[in-house]
Amino acid sequence: MSLLDQLNPQQREAVETTDGPLLILAGAGSGKTRVITYRVAYLAEYRGVPAENILAVTFTNKAAEEMRSRVQGLIRLPGLARPWVSTFHSFCVRVLRRDGPRIGLPRDFSIYDEDDQLRVVKSCLRQLGLVEKELQARAVLSRISHAKNHGRSPETFYLHASDPMMERVAVVYEEYAKALRQAHAVDFDDLLLEAVRLLREDAEVALQYNQRYPYILVDEYQDTNRTQYELVRLLTQTQQNLCAVGDEDQSIYSWRGADLRNIVEFEKDYPQARIIRLEQNYRSTPSILDAASAVVANNRYRKGKTLWTARQSGQKVGYYEGPDGENESLFVADWIARRRRQDPDEKIAILYRTNAQSRLYEEALRRYGLKYHVVGGVSFYERAEVKDLLAYLKAARNLQDSVSLLRCINSPPRGIGTTTVRKLEEMALEANRSFWDIMGQAIEQKLLPPRSLQALQPFRELMEELRAMPAESGASEILKTVMERTRYLESLEEEGTPEAFGRIENIQELLNAAADSHERGETLIQFLDHAALVSDADSYDENALISLMTLHSAKGLEFPVVFLVGMEEGLLPHSRSLMNAEALEEERRLCYVGMTRAQDALILTRAVSRRHYASAMAETSRASRFLSEIPASLLQDLSKRPADRGERHYEYEPSEPALSKVEGPEETAEQEDSVENVRRFFGLPAGRSEPVKTKRKPQTGFPAGSRVRHPKFGYGTVLRREGAGDDTKLTVNFHGVGLKKLVEKYADLERV
DNA sequence: AATGACAGGCTTTTT
DNA sequence: GCCTGTCATT
Ligand SMILES: Nc1ncnc2c1ncn2[C@@H]1O[C@H](COP(=O)(O)OP(=O)(O)OP(=O)(O)O)[C@@H](O)[C@H]1O
């Protein structure tokens with residue numbers, strides 16, 4: 001079947017309209033991404049456009065990944081040429097690495113992530129003698145970012161400051177900008193802004209990129225901010241074969257500057273523009289689609305659009321209400337475990353509003369022995385030990401990068417403390433030089449106490465050695481040198497704690513990533529850029545069929561089964577949005593996005609009682625208003641509640657017993673609590689069977705939950721323990737290996 | 001300078 | 001409840 005036959009008439013028209021500006025406006029699941037990907041394939045295969053002349057961009061990594069894999073599935077490209085499919089940010093990095101020097105950007109600039117940015121802001125606050133209590137670094141940073149994205153310089157910001165507080169923010173902003181310049185560093189905002197500046201100021205470069213990418217496609221156009229819009233404008237000066245697709249009902253990034261004007265004024269900015277609407281949804285069953293449409297219809301600031309599906313009516317949208325968060329998560333895990341038996345290959349997503357909500361679900365899934373994959377959250381590259389080592393690499397490439405330098409200067413501890421660092425920082429500020437320069441000067445002219453100098457000297461030598469390593473040596477080679485010289489692993493091993501071993505694992509993972517990168521022929525800088533931009537968590541368990549992620553990350557994806565959990569006032573809609581009508585509408589769109597990810601089954605859940613920061617007393621929640629916006633006829637209540645069952649509040653029976661975690665003597669109070677909840681959940685009288693087991697020789701063997709090491713499989717966690725005596729069998733989840741069932745007696749396990 | 005105990009605040013959401 | 005930042009102790 002040919003490419004075009006797999007499209008409906010409107011989609012087909014959108015794909016064939018290759019020349020001139022085109023805006024596609026359409027609801028969820030109507031094939032917007034399909035149009036983008038087919039269009040790329042069509043251009044390459046039918047119109048003979050060289051793949052490298054096609055640029056497809058979007059905002060999030062996940063959405064870019066989705067696009068990339070779908071394009072790849074569609075075209076069989078000869079040779080190495082590939083269309084450039086990425087996020088705006090990666091695109092800009094590539095542009096700036098190549099042509100940044102033309103606007104005075106150092107070629108080896110560092111990219112500062114939020115953590116780095118905060119360090120800079122804090123240091124500026126300190127230098128200005130401002131107390132963080134009054135001016136929170138995070139708040140200042142968000143003001144700075146907002147100002148930058150609205151084209152305000154520190155000076156303009158200062159002039160517009162309405163109160164003394166804002167004036168101070170303006171001063172911090174100025175210092176912040178100066179610090180970044182001095183560190184040869186750019187933040188995420190700068191990546192876009194500097195790329196725009198480059199294209200604006202250098203006509204020659206602008207022309208080059210215009211010619212290089214005569215075909216540009218933008219997915220999730222409703223998420224673009226003004227800077228990204230500007231970038232697209234600058235790339236479409238000589239030709240306007242621009243295809244933007246979007247859905248105003250899925251605009252969920254206004255809090256970081258996404259601006260619907262980009263969509264609304266598209267026709268104004270591109271007078272030749274054609275607009276095509278897609279109205280058939282191919283993804284979801286009618287119940288799911290109707291429910292989602294009913295919710296979003298409550299938004300007032302919206303034009304409204306048609307969306308229908310030819311799919312047969314499926315199951316109703318499920319609704320489960322549990323007594324507390326734990327029960328809610330166990331319901332989900334149990335439901336999944338049962339479903340798994342019928343269809344072991346089905347993809348399932350658990351979606352939530354905030355990253356913090358993932359914990360309960362991870363725990364529940366682990367208990368059921370289900371493999372899962374968490375997207376986002378504390379990403380791999382954000383872990384302290386990983387960032388420490390990356391800091392060595394960043395500093396090795398760019399010694400002006402003081403944040404990275406300061407990050408690795410005393411990790412592992414080498415006798416350079418805050419006093420020494422503060423002193424040097426002061427000197428640097430005074431001389432208006434970088435930390436590295438001042439450090440060298442201090443050593444040479446003996447400007448510090450001998451003890452400090454003695455500690456600084458070896459550090460300086462190490463960094464010089466790293467810098468001297470050839471630019472094309474890969475990340476892994478340099479990392480190895482760092483590890484050897486600093487005895488990083490050894491000192492962690494000596495620590496001997498489970499946390500330390502966890503860190504060792506992460507470092508091993510980093511070494512693997514670096515080695516892979518080297519094999520692909522990437523330079524150190526490319527490796528670092530990837531680490532900075534693709535803050536993608538646990539890329540290792542990607543084949544797990546159960547995905548946990550925020551509603552934001554889920555946009556653009558689809559799953560046969562979707563759980564939308566925590567459907568409560570305060571969570572969805574989030575409490576921070578209750579004050580203002582526009583924010584509330586955005587929450588509603590978020591709900592819409594989540595619901596429309598589902599293909600065949602959608603289940604909404606909530607907990608009646610929710611602990612907000614856990615320790616605090618549990619509060620009774622109110623059901624999300626979005627639930628009541630779904631017509632009752634589309635909902636099916638999954639929480640049957642017979643009133644006369646005494647203790648047993650919920651009739652729902654587990655299909656397999658949750659794995660007991662009460663055996664080891666080292667259980668924490670929190671886990672005891674969980675067990676108590678499980679028991680209540682299953683309607684068992686409090687504390688009956690398990691405590692008996694607790695008494696049974698807990699010292700021998702490895703209770704569920706203990707961390708172990710196996711000579712062949714490495715480190716892992718015991719999930720389940722069955723049988724007794726010589727026959728005792730353990731189910732262990734080994735990192736990077738997966739589940740293994742072992743006879744305890746022969747397994748040769750070591751406690752860690 | 002390094003370590004450990006304690007207080008306080010924190011959670012939107014992404015690059 | 002957990003992480004971070006601060007303080008006191010060695
Ligand atoms: N003409 C078609 N024939 C068959 N399947 C289609 C067609 N158009 C779209 N689909 C399928 O419908 C699903 C949704 O399409 P797609 O992801 O492109 O929609 P979308 O508009 O980008 O959705 P969203 O905005 O919700 O992310 C995909 O599985 C896609 O393959």
Side-chain angles (χ1 to χ4, degrees), chain A residues 57-64 86-93 111-118 122 132-133 136-138 142 145 149 186-193 220 223-225 227-228 251-258 325 351-360 375-379 381-382 384 410-422 449 451-452 454-455 495 529 531-537 549-555 566 570-578 583 586-587 589-591 593-594 611-618 668-671 673-674:
Chain A
V57 284
T58 185
F59 173 54
T60 64
N61 283 310
K62 263 264 155 281
S86 79
T87 61
F88 278 101
H89 287 86
S90 320
F91 173 74
C92 290
V93 167
I111 300 172
Y112 277 4
D113 65 13
E114 191 173 350
D115 186 71
D116 300 325
Q117 291 178 285
L118 280 172
K122 281 177 190 165
E132 232 216 290
K133 291 270 182 319
Q136 277 185 35
R138 205 167 269 286
S142 93
S145 170
N149 283 314
V186 297
D187 61 23
F188 282 130
D189 295 326
D190 289 331
L191 290 175
L192 302 169
L193 291 165
E220 311 285 8
D223 293 335
T224 52
N225 64 22
T227 318
Q228 289 158 343
S251 158
I252 54 177
Y253 284 104
S254 70
W255 53 274
R256 57 153 291 286
L351 309 180
Y352 36 77
R353 175 68 235 265
T354 67
N355 282 308
Q357 287 170 263
S358 74
R359 248 200 176 81
L360 278 173
V375 178
V378 193
S379 101
Y381 289 110
E382 282 165 38
N410 210 24
S411 74
R414 54 165 73 81
I416 307 171
T418 18
T419 330
T420 310
V421 169
R422 286 284 148 79
R451 206 165 62 136
S452 304
Q454 215 161 29
E495 227 176 275
D529 287 347
L533 293 171
V534 185
S535 56
D536 197 342
M549 66 184 92
T550 62
L551 290 164
H552 283 90
S553 308
K555 194 156 52 92
L571 228 40
L572 183 68
H574 195 272
S575 50
R576 301 283 269 246
S577 67
L578 297 175
E586 184 146 318
E587 296 291 303
R589 291 194 291 270
L590 211 39
C591 183
V593 166
R611 281 181 292 188
H612 253 140
Y613 308 116
S615 91
M617 197 96 80
T668 65
E670 174 240 337
Q671 282 165 321
D673 256 348
S674 313

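By convention in this document, chain letters (A, B, ...) are assigned in the order of the sequence lines, proteins followed by strands, and residues within each chain are numbered from 1.
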Handout entry: Rounded interatomic separation in angstrom, taking CG from A/D187 and P from B/dT15
Key = 15 Å

Fill in the blank from the handout: Per atom distances to the A/N61 side chain, the nearest of B/dT11, B/dT15, B/dT14 is B/dT15

Handout entry: Of the listed nucleotides B/dT11, B/dA1, B/dT15, the one nearest the side chain of A/R576
Key = B/dT11

Handout entry: Sugar-phosphate, base or nothing in reach of A/T420, heavy atoms under 4.0 Å
Key = sugar-phosphate

Completion exercise
Separation of B/dT13 atom P from A/L571 atom CG, nearest Å, is 11 Å

Problem - Close side-chain approach of A/T224 to A/F88, heavy-atom, < 4.5 Å - result: yes

Practice task
Consider the side chain of A/R138, meaning its heavy atoms from C-beta on, and name the nucleotide among B/dA1, C/dC2, B/dT11 that approaches it most closely.
Solution key: B/dT11

Handout entry: N/O donor-acceptor pair under 3.5 Å between A/R589 side chain and A/S251 backbone
Key = yes

For nucleotides 2-6 of chain B, print each protein N/O atom paired with a nucleotide N/O atom at under 3.5 Å, atom names and distance only.
from  : atom 1 : to     : atom 2 : distance (Å)
B/dA2 : OP1    : A/G415 : N      : 2.9
B/dA2 : OP2    : A/N410 : ND2    : 3.0

Practice task
When you get a sec, tell me which of B/dT15, B/dA1, B/dT12 is the closest nucleotide to the side chain of A/E587?
Solution key: B/dT12

Practice task
Find the distance A/Y253:OH to B/dT13:P and express it as a whole number of Å.
Solution key: 11 Å

Problem - Under 3.5 Å: donor-acceptor pair, side chain of A/H552, backbone of A/I252 - result: yes

Practice task
For C/dT6 and B/dT11, measure between their P atoms and round to the nearest Å.
Solution key: 16 Å

Practice task
With sequence neighbours left out, write down each residue that passes ring-ring contact (aromatic ring centres under 6.0 Å, His included) with A/F59, or none if nothing qualifies.
Solution key: A/Y253

Practice task
Could I get the full list of salt bridge (charged side-chain N to carboxylate O under 4.0 Å, His left out) partners for A/R414, not counting sequence neighbours?
Solution key: none

Practice task
Report the residue (A/A356 or A/S553) whose heavy-atom-nearest nucleotide on DNA chain B is the more 5′ of the two.
Solution key: A/A356

Handout entry: Per A/K122 side chain, nearest of listed nucleotides C/dC3, C/dG5, B/dT12
Key = C/dG5

Practice task
Would you kindly give the CZ-to-C1' distance between A/R359 and C/dC3, to the nearest whole Å?
Solution key: 10 Å

Handout entry: Which nucleotide in B/dT14, C/dG5, B/dT15 has an atom nearest any side-chain atom of A/T550
Key = B/dT14

Exercise for the section: Please state how far atom NZ in A/K555 lies from atom C1' in B/dT14, giving the value in whole angstrom units. Expected result: 11 Å

Problem - A/L590 vs A/R451, nearer the 5' end of DNA chain B by closest nucleotide - result: A/R451

Exercise for the section: Flag as yes if A/H552 stacks onto the base of B/dT13 (centroids under 5.5 Å, planes under 30°), otherwise no. Expected result: no

Exercise for the section: Using the six-membered ring for Trp and the full ring for Phe, Tyr or His, decide whether A/W255 stacks on the six-membered base ring of B/dT12 (centres under 5.5 Å, planes under 30°). Expected result: no

Problem - Rounded distance in Å - CZ (A/R256) to P (B/dT14) - result: 11 Å

Problem - Validation row: A/K62, A/K555 side chains within 4.5 angstrom (heavy atoms) - result: no

Handout entry: Inter-nucleotide P distance (C/dT4, B/dT13), Å rounded
Key = 15 Å

Practice task
To the nearest Å, give me how far apart CG (A/D116) and P (B/dT15) are.
Solution key: 16 Å

Problem - 4.5 Å side-chain heavy-atom contact, A/P573 and A/L578 - result: yes

Practice task
Just call it for A/E586: base, sugar-phosphate, or nothing, with non-hydrogen atoms closer than 4.0 Å on any strand.
Solution key: nothing

Exercise for the section: Have a look at A/T419 and say if it touches a base, only the backbone sugar-phosphate, or nothing, with a 4.0 Å heavy-atom cut-off. Expected result: sugar-phosphate

Problem - Whole-Å gap separating C1' (B/dT13) and CG (A/N355) - result: 8 Å

Practice task
State, yes or no, whether a side-chain contact exists between A/D189 and A/N149 at a heavy-atom distance under 4.5 Å.
Solution key: yes

